[in-house]
Amino acid sequence: MSRVRVAIVGGSGYTGGELIRLLLFHPLVEITQVASGSQAGHFVHSAHPNLRKISTLRFCYPDDLTSCDVLFLCLPHGVSSGEIERYRTLAPRVIDLSGDFRLRSPELYRRWYGHEHKAPALLSEAVYGLPELHRSELSEAALVSGTGCMATTSILGLAPLYRAGIVKQSIPLVLEAKVGSSAAGAKAGPASHHPDRSGAVRSFEPTGHRHTAELIQELGQPGSELQQLVAFSATAIELVRGILVTAHVFLNERLDERAIWRIYREAYQREPFIRLVKERNGVYRYPEPKILAGSNYCDVGFELDVEQQRVVVIAALDNLMKGAAGNGVQALNCMFGWDETLGLTFPGLHPV
Amino acid sequence: MSRVRVAIVGGSGYTGGELIRLLLFHPLVEITQVASGSQAGHFVHSAHPNLRKISTLRFCYPDDLTSCDVLFLCLPHGVSSGEIERYRTLAPRVIDLSGDFRLRSPELYRRWYGHEHKAPALLSEAVYGLPELHRSELSEAALVSGTGCMATTSILGLAPLYRAGIVKQSIPLVLEAKVGSSAAGAKAGPASHHPDRSGAVRSFEPTGHRHTAELIQELGQPGSELQQLVAFSATAIELVRGILVTAHVFLNERLDERAIWRIYREAYQREPFIRLVKERNGVYRYPEPKILAGSNYCDVGFELDVEQQRVVVIAALDNLMKGAAGNGVQALNCMFGWDETLGLTFPGLHPV
Amino acid sequence: MSRVRVAIVGGSGYTGGELIRLLLFHPLVEITQVASGSQAGHFVHSAHPNLRKISTLRFCYPDDLTSCDVLFLCLPHGVSSGEIERYRTLAPRVIDLSGDFRLRSPELYRRWYGHEHKAPALLSEAVYGLPELHRSELSEAALVSGTGCMATTSILGLAPLYRAGIVKQSIPLVLEAKVGSSAAGAKAGPASHHPDRSGAVRSFEPTGHRHTAELIQELGQPGSELQQLVAFSATAIELVRGILVTAHVFLNERLDERAIWRIYREAYQREPFIRLVKERNGVYRYPEPKILAGSNYCDVGFELDVEQQRVVVIAALDNLMKGAAGNGVQALNCMFGWDETLGLTFPGLHPV
Amino acid sequence: MSRVRVAIVGGSGYTGGELIRLLLFHPLVEITQVASGSQAGHFVHSAHPNLRKISTLRFCYPDDLTSCDVLFLCLPHGVSSGEIERYRTLAPRVIDLSGDFRLRSPELYRRWYGHEHKAPALLSEAVYGLPELHRSELSEAALVSGTGCMATTSILGLAPLYRAGIVKQSIPLVLEAKVGSSAAGAKAGPASHHPDRSGAVRSFEPTGHRHTAELIQELGQPGSELQQLVAFSATAIELVRGILVTAHVFLNERLDERAIWRIYREAYQREPFIRLVKERNGVYRYPEPKILAGSNYCDVGFELDVEQQRVVVIAALDNLMKGAAGNGVQALNCMFGWDETLGLTFPGLHPV
Amino acid sequence: MAAHCPECEADVEVQGLMVGEITFCPDCNAELEVINVEQPEVALAPEVEEDWGE
Amino acid sequence: MAAHCPECEADVEVQGLMVGEITFCPDCNAELEVINVEQPEVALAPEVEEDWGE
Ligand SMILES: NC(=O)c1ccc[n+]([C@@H]2O[C@H](COP(=O)([O-])OP(=O)(O)OC[C@H]3O[C@@H](n4cnc5c(N)ncnc54)[C@H](OP(=O)(O)O)[C@@H]3O)[C@@H](O)[C@H]2O)c1
Ligand SMILES: NC(=O)c1ccc[n+]([C@@H]2O[C@H](COP(=O)([O-])OP(=O)(O)OC[C@H]3O[C@@H](n4cnc5c(N)ncnc54)[C@H](OP(=O)(O)O)[C@@H]3O)[C@@H](O)[C@H]2O)c1
Ligand SMILES: NC(=O)c1ccc[n+]([C@@H]2O[C@H](COP(=O)([O-])OP(=O)(O)OC[C@H]3O[C@@H](n4cnc5c(N)ncnc54)[C@H](OP(=O)(O)O)[C@@H]3O)[C@@H](O)[C@H]2O)c1
Ligand SMILES: NC(=O)c1ccc[n+]([C@@H]2O[C@H](COP(=O)([O-])OP(=O)(O)OC[C@H]3O[C@@H](n4cnc5c(N)ncnc54)[C@H](OP(=O)(O)O)[C@@H]3O)[C@@H](O)[C@H]2O)c1
Ligand SMILES: [Zn+2]
Ligand SMILES: [Zn+2]
């Protein structure tokens with residue numbers, strides 16, 4: 001079987017680099033081109049030093065892209081929606097890791113992004129590329145959207161409880177994300193200056209964070225948005241890769257721990273990339289993002305306060321993997337009907 | 001004026017070491033003795049290497065303590081309440097940094113600590129040593145309790161809103177604390193082993209955390225506990241010193257930002273150790289614990305979601321300073337009617 | 001072809017865990033048993049949380065080990081030499097990652113370890129398991145020794161210059177290693193307590209470090225020890241995995257940069273796990289251990305001071321990979337005549 | 001006594017910010033102006049968030065500087081020497097923290113900086129502002145130079161051995177500096193981007209580092225440069241503040257440990273900011289930069305290899321304190337004949 | 001056929017174990033005592049709460 | 001057949017490039033100008049020393 005030909009735009013960035021790393025080892029894929037405006041002509045290892053001696057690929061100019069089977073877009077927010085027509089002429093299937101095509105509704109987009117979408121007609125067509133929730137739609141999809149890294153963590157942590165119909169939606173849902181510095185991309189600036197960023201515990205967008213919109217869309221009933229008030233805040237911490245979300249959910253009935261276990265097991269026991277983590281002993285009792293660096297797992301745990309009918313949900317992943325490029329490769333695997341784990345078997349390190 | 005004679009029990013630990021550091025430079029205090037079971041005979045700089053060449057004090061055995069004016073107890077939870085009678089014979093005024101005398105009500109203690117208090121009769125007498133809330137009681141107090149480091153952060157962040165009567169108490173209060181490794185003390189073990197603790201984002205006690213009890217006591221109406229459901233969870237992050245608490249509070253009326261500013265200013269403008277931090281520009285827009293290391297400040301900021309009538313409160317401090325020893329010295333200053341900032345003027349570093 | 005049956009002793013430690021991780025994905029190997037005194041009965045993922053859902057192996061008691069094709073020993077220094085006879089009855093080929101069988105000469109051992117070797121007769125038989133230097137001896141070896149992590153870094157960095165005969169041996173060789181906390185193993189203690197170990201720049205064994213002996217043995221002329229004075233010191237820094245060695249070598253003739261390039265290229269161009277890193281631009285100009293975490297590469301770079309006839313050699317690796325378990329698997333591949341990269345293709349991450 | 005009026009140029013940078021922090025608490029100094037091109041009009045706490053509520057100073061434009069008693073220059077290399085005439089009209093005494101006036105000899109400057117000095121006539125007049133070596137010259141000095149942070153560490157560590165005449169100068173002196181990110185200043189760029197700089201062990205200028213020139217000047221015989229070959233290399237590590245230098249020195253006679261102790265004690269026992277650190281037990285056996293953050297100490301330790309006649313010297317300090325601003329304030333204290341510790345009593349933190 | 005963990009209901013393999021022997025839950029790591037092997041059953045072993053150090 | 005990097009002597013592929021075009025050395029990342037394609041040859045391109053920030 002000839003390999004599927006994949007090209008990448010924005011390949012000098014962090015999600016682009018991660019895609020290159022993954023696809024170079026993918027048995028059914030061939031990377032044909034990697035585009036970068038700033039690095040054209042350079043070897044990919046000049047931007048991604050881990051790829052030295054592994055690939056002799058060079059970046060091409062974005063304008064020199066030729067046609068391929070699948071095109072990955074790894075561009076800053078707002079860029080791909082402005083050029084999506086051109087990109088779609090290059091490939092029958094496009095996977096866009098940015099926020100541009102995550103929302104189905106132009107209204108939801110406007111409400112959370114503060115401006116009109118540039119290609120609203122495409123929104124209903126695009127698939128929210130989270131295999132755990134949209135696996136079947138992916139097989140036919142021509143335009144797939146990547147998912148927000150903190151949104152993915154939150155949604156994978158909470159979806160089973162929402163699907164089970166046990167969440168009391170009259171109480172606001174509060175989520176707190178802790179996130180590493182790579183989530184902000186490869187561009188240097190004062191906010192990422194090491195003496196200031198190092199050891200930081202930095203609140204950003206304590207209200208109004210755009211990833212909230214994805215939660216509203218994906219945790220709602222199929223076809224309708226969640227009407228529950230969602231309070232999402234994020235804190236940047238000392239970490240390069242990784243996200244941990246802590247969410248407080250109130251139940252509409254009194255359940256015991258085993259009931260919650262049952263709900264999660266039913267939801268996730270066949271999922272290759274979700275692990276339930278909840279131990280009574282040891283140091284790693286709940287999900288811990290550091291052991292996920294480089295892996296495609298999303299680890300999910302919980303703690304129940306029986307009296308308060310409150311579940312604290314704890315979910316973790318690597319923002320560049322299950323939160324971006326790894327999930328993109330998993331979606332690609334779904335789109336072609338392949339084993340979803342192809343190219344994604346690295347288990348993560350310990351200690352690290 | 002002769003100096004006040006202060007002794008410290010548990011001086012080989014982290015809060016004990018911080019007290020020694022502070023009191024060595026306090027103009028009106030003299031350290032008479034520092035007790036340690038494990039380090040007796042050693043110079044204090046053998047446990048606290050920063051004090052080399054600064055002090056030639058040596059640790060004594062706890063049994064060799066003689067009388068003094070003020071005795072600080074820096075012992076693990078549960079120890080001081082068992083030996084409090086003996087300690088009170090040594091000094092007319094005792095400041096206990098542990099959790100043993102923080103709660104006024106034996107019932108509240110039992111509910112959150114899971115067992116009976118060993119000296120319940122003393123609970124009503126002890127003062128919760130947070131000057132910002134109990135300044136006047138401190139001047140006469142013979143038994144003063146230190147405050148929980150995460151509780152202090154939370155209480156200082158939230159008290160103005162509760163005092164102003166604008167919190168809608170039918171919605172649960174959700175707080176998420178991010179905390180450094182020194183909060184767990186000087187004792188080594190698997191949980192503090194560097195390869196595992198480094199880079200950790202570790203949930204601990206996602207439900208049932210004991211500091212919750214202090215919030216219930218201190219945020220309630222004077223004389224009665226808070227009846228609102230309090231959901232407090234804590235996450236250990238890569239940090240040695242420092243705590244940041246993010247709290248989500250819902251308002252019972254529609255207020256704008258200026259109203260919130262006004263409430264905080266009125267509450268804190270005369271407080272020497274509280275700073276309001278909320279900037280529209282720059283990298284340090286909200287409280288940031290790292291620049292507080294070694295300082296006695298608690299920085300408080302907020303963000304308002306007008307539509308949701310939600311305030312995200314963000315508060316930060318150094319757990320060993322305003323969260324323990326620094327606050328203890330401030331309380332000492334109050335007890336003797338001194339300028340509260342004596343011995344506490346170090347401003348913190350930047351960058352760090 | 002049936003898989004080679006491999007067992008591991010000391011499987012609850014860091015090098016043991018790394019071996020399990022690697023061998024679970026090795027196409028020609030099957031792990032039959034993993035022994036641990038302290039964790040017997042537990043799943044391997046209770047000690048190595050990254051292996052959750054990847055393996056359902058459980059630790060067995062060391063006494064319950066049965067025979068296998070290859071036995072890996074991952075025990076503290078001094079243990080394996082005392083029990084080597086028993087271990088050799090279990091498997092025809094033993095790979096010992098400890099320091100017990102690294103030196104060929106009982107005298108060199110006594111000089112650097114300060115006591116007599118427990119099984120001196122075996123020393124001459126054991127092979128120093130560094131494929132780059134002892135590839136051919138490995139194919140027949142029954143007893144293979146792992147290599148010191150800092151020694152490996154140093155030796156791989158320097159061997160080409162020594163083999164080329166260009167080092168002026170009348171000047172002492174000075175090497176400075178920077179090393180992460182995982183090099184000290186999984187056992188917690190005061191030295192690894194996070195508040196103290198975090199951010200440390202801690203000199204240890206500034207003189208007399210045992211890894212020096214391996215340099216003397218391996219950089220000397222085949223069959224005779226290096227007579228040059230070797231000054232090796234090590235500094236523990238804030239890092240979990242990784243070693244960087246900086247070495248200062250003086251040349252016995254005036255060479256230019258291209259000559260040094262030529263020497264390194266000739267030595268290493270066919271080596272799958274050695275990369276030359278020396279760039280004129282960018283941020284990653286020299287070897288950098290962090291991008292090697294989880295990979296089996298040893299990156300080597302240099303800088304020449306033409307006037308001083310001095311070469312600064314810079315070499316980096318992951319102490320648990322090319323510095324221990326990864327190198328052990330590479331040696332195993334050599335022993336069985338397999339492609340040396342089997343099970344070792346993970347390229348490392350960026351950013352990280 | 002009226003306070004000495006001090007102004008600062010380059011006050012928005014890291015050494016400038018540290019000076020402001022120190023001088024605000026100096027009992028005999030008043031800060032009259034702080035100049036910054038980029039921050040003019042802003043409060044100093046907008047650049048230095050630790051100074052919030054401590055000072056209401058605002059930055060002025062460099063052109064708006066008026067005369068004062070002492071002017072501190074905290075500018076990038078090469079700037080002050082071009083404008084030194086103007087600055088000297090503003091104040092009778094100038095302290096320049098940059099590298100511009102550290103070397104006495106224009107030739108040495110040209111050799112290491114690669115270009116001619118812009119004001120060579122001033123070089124012989126300026127004083128190398130290290131009180132431990134040039135205390136007496138400082139009292140009359142009109143132009144004082146700050147000292148290189150890594151040079152200071154090295155010189156303070158080695159000077160006693162050189163002064164004692166026990167160093168064998170036919171063997172090269174090898175020094176390896178480990179340094180934090182704040183040493184590179186406040187300007188953001190790709191090299192300081194957190195995801196790349198975090199966890200880095202980055203060699204820079206392995207040969208040809210400019211700080212070497214200061215060592216050659218200051219370790220040489222008074223009046224003549226050191227002719228010994230000096231091999232200085234530096235490695236940036238995960239740390240914000242702090243430097244540790246490891247130096248390997250060979251002796252021209254066989255000495256025991258007590259002889260070395262004696263030499264260091266004689267050199268430093270009256271020095272307020274030098275501590276000898278060499279312990280046989282505990283975790284902090286040698287100098288450790290992290291506990292020096294914010295303090296003005298330089299800690300010095302050593303280890304002797306009697307047989308090799310080699311001393312490994314280990315020295316540590318905070319680059320912004322004893323390595324820059326703190327040392328500058330100490331020099332100021334010397335210049336005015338004050339107690340050298342004024343404004344510099346903060347002891348450093350533990351844990352941290 | 002497997003037993004069920006009383007804590008989290010995970011399948012717990014008891015084959016090859018003896019009654020009274022200690023095993024661990026693969027999911028929640030609870031320490032379990034084998035009660036019955038034929039009709040697989042396990043019970044929570046009496047547990048000492050570990051000091052978790054935070 | 002490849003050109004050789006004047007800096008480090010690495011093989012530098014010039015196939016598909018034109019004279020005057022800029023390429024990079026795969027080993028030392030030197031910026032190189034293609035001088036000749038038939039008889040492969042490259043030269044160091046004039047370089048601006050980057051501020052490396054340390
Ligand atoms: N980082 C994460 O954890 C993460 C997770 C989930 C989703 N995402 C999303 O994925 C996308 C990429 O993120 P990233 O972290 O990889 O960002 P990044 O590191 O900043 O890389 C973005 C790349 O886009 C290119 N680019 C920048 N501006 C452009 C423009 N105007 N037109 C065309 N190309 C441009 C740049 O390459 P050249 O300048 O070389 O062309 C750059 O390498 C973003 O939309 C982000 O929201 C990121
Ligand atoms: N760390 C914080 O951030 C923080 C903040 C607020 C409040 N607190 C509270 O302050 C107290 C002390 O905390 P810490 O962090 O300083 O703890 P720590 O570092 O563990 O020190 C506790 C000290 O108590 C002594 N000690 C231990 N067990 C004892 C016993 N059974 N009887 C008598 N002495 C004993 C030990 O000294 P020897 O073995 O040498 O006698 C040890 O140095 C705790 O109750 C803690 O909850 C801590
Ligand atoms: N860490 C590195 O970077 C590195 C690199 C190169 C070489 N090495 C060498 O590799 C060896 C293992 O290192 P490591 O880092 O994996 O150490 P580790 O994490 O401390 O693990 C050692 C294991 O040995 C077992 N053990 C301890 N004492 C024992 C005894 N007396 N008898 C039998 N088993 C015992 C322990 O397991 P149980 O208690 O559960 O039985 C433990 O899991 C050492 O010799 C080390 O020098 C390590
Ligand atoms: N950082 C250290 O650890 C350390 C230690 C010892 C010595 N030093 C030396 O001290 C000096 C200052 O270092 P730093 O770390 O404070 O640097 P920094 O943080 O980069 O600050 C330098 C300041 O100079 C100002 N400036 C920049 N370019 C200028 C120009 N062309 N003309 C006038 N002003 C200019 C800038 O302020 P505006 O743009 O706002 O005017 C900036 O705040 C350097 O020479 C450095 O070598 C530093
Ligand atoms: Zn279970
Ligand atoms: Zn080259």
Side-chain angles (χ1 to χ4, degrees), chain B residues 12-18 21 36 38-39 42 45-51 149 178-204 235-243 289-290 293-294 318-321 323-325 349 351-352, chain C residues 12-18 21 36 38-39 42 45-52 149 179-204 235-243 289-290 293-294 318-321 323-325 349 351-352:
Chain B
S12 66
Y14 285 161
T15 60
E18 195 74 351
R21 175 178 76 79
S36 157
S38 68
Q39 301 283 313
H42 281 276
H45 69 69
S46 79
H48 310 300
N50 55 330
L51 301 182
C149 52
K178 274 73 65 180
V179 59
S181 59
S182 67
K187 195 129 180 279
S192 74
H193 188 49
H194 182 272
D196 287 301
R197 180 63 181 77
S198 166
V201 192
R202 189 185 293 170
S203 310
F204 63 96
T235 309
I237 62 171
E238 176 60 57
L239 197 67
V240 173
R241 284 184 183 232
I243 289 173
K290 72 173 191 155
D318 174 345
N319 52 295
L320 293 175
M321 286 295 302
L349 300 173
V352 73
Chain C
S12 66
Y14 285 162
T15 60
E18 195 74 352
R21 174 178 77 80
S36 156
S38 67
Q39 302 283 313
H42 279 278
H45 69 69
S46 79
H48 309 299
N50 56 329
L51 301 182
R52 181 185 294 275
C149 51
V179 59
S181 59
S182 66
K187 195 129 181 276
S192 75
H193 188 50
H194 182 272
D196 287 300
R197 181 63 182 77
S198 165
V201 191
R202 188 183 294 169
S203 309
F204 63 95
T235 308
I237 62 171
E238 177 60 59
L239 197 67
V240 172
R241 284 183 183 234
I243 289 173
K290 71 173 191 156
D318 174 346
N319 53 295
L320 294 175
M321 286 295 301
L349 300 172
V352 73

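Just so we're on the same page: letters track the sequence lines, and every chain starts at 1.
- Within the 4.5 Å cutoff, the side chain of C:E238 has heavy atoms near those of the B:S198 side chain.
- When the heavy atoms of residues 45-52 of chain C are compared with those of chain B, none of the residues falls under 4.5 Å.
- Between B:S181 and C:P195, the shortest heavy-atom distance links the atoms OG-CG, 3.4 Å.
- When all heavy atoms of B:H194 and C:V240 are compared, the closest pair comes out as CE1-CG2, 4.1 Å.
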Show which side-chain atoms of residues 183-191 of chain C pair as donor or acceptor with protein atoms under 3.5 Å away, not counting sequence neighbours.
none

